[in-house]
Amino acid sequence: MKITVKFFTELRELTGKKEEEIELPNAITVADLLNLLSKRHGRGFTNYVYNEKGRVRGHLQFLVNGKSIITLQGFETRLEEGDSFAIIPPVGGG
């Protein structure tokens with residue numbers, strides 16, 4: 001199955017990509033995908049997404065097909081063929 005992962009701001013710089021198509025052998029959860037991406041993109045990615053205790057940083061938003069995982073099944077949301085996954089950084093303003 002294929003999914004598309006979209007990167008913004010600092011993650012775009014860390015990965016060197018605006019988006020990435022990932023081929024997976026079967027359906028996985030958002031938590032599994034973040035773990036896979038962390039292994040693929042290394043320490044910079046890991047430190048951006050996870051805090052020192054290994055928990056996902058609370059200021060990030062994660063979208064599956066434009067919907068927040070908070071409104072779905074959180075990190076246990078299962079990804080399916082053709083899904084789009086986005087990691088959204090905090091938005092600042094003033």
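Note that the coordinates shown come from a computational prediction; the quantities given were computed from them, not determined experimentally. This chain uses plain numbering: 1 for the first residue, then up along the sequence.
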Looking only at non-hydrogen atoms, find the nearest pair between [X] and [Y] and report the distance.
X	Y	result
V64	L72	CB-CD1, 4.0 Å
P90	L60	CD-CD2, 4.2 Å
K6	S84	CE-OG, 3.4 Å

Which residues share a side-chain hydrogen bond (donor to acceptor under 3.5 Å, both in side chains) with T9, sequence neighbours left out: none
By side-chain hydrogen bond (donor to acceptor under 3.5 Å, both in side chains) - contacts of R57 (at least two apart): none
side-chain hydrogen bond (donor to acceptor under 3.5 Å, both in side chains) contacts touching residues 43-55 (sequence neighbours left out): S38-T46
side-chain hydrogen bond (donor to acceptor under 3.5 Å, both in side chains) pairs, two or more places apart, involving residues 66-83: N65-D83
Pair L33-I22, side-chain contact (heavy atoms from CB on, under 4.5 Å): steps then yes or no: CA-CA 10 Å; L33 177 62; I22 298 182; 4.1 Å; yes
Residue list, ring-ring contact (aromatic ring centres under 6.0 Å, His included) with F75, at least two apart or on another chain: F62
Connected via hydrophobic side-chain network under 4.5 Å: [X] and [Y]:
X	Y	result
F85	L63	no
F8	L34	no
V30	M1	yes

L37 and V49, any side-chain heavy atoms less than 4.5 Å apart: no
Sub-4.5 Å side-chain heavy-atom contact between I3 and L24: yes
Enclosure of L36 CG (heavy-atom neighbours >12, cutoff 6.0 Å): yes
Pairs meeting criterion salt bridge (charged side-chain N to carboxylate O under 4.0 Å, His left out) with involvement of residues 16-25, two or more places apart: K2-E21, K17-E20, E20-R40
Among I88, I69, I87, side-chain contact (heavy atoms from CB on, under 4.5 Å) partner for Q61: I88
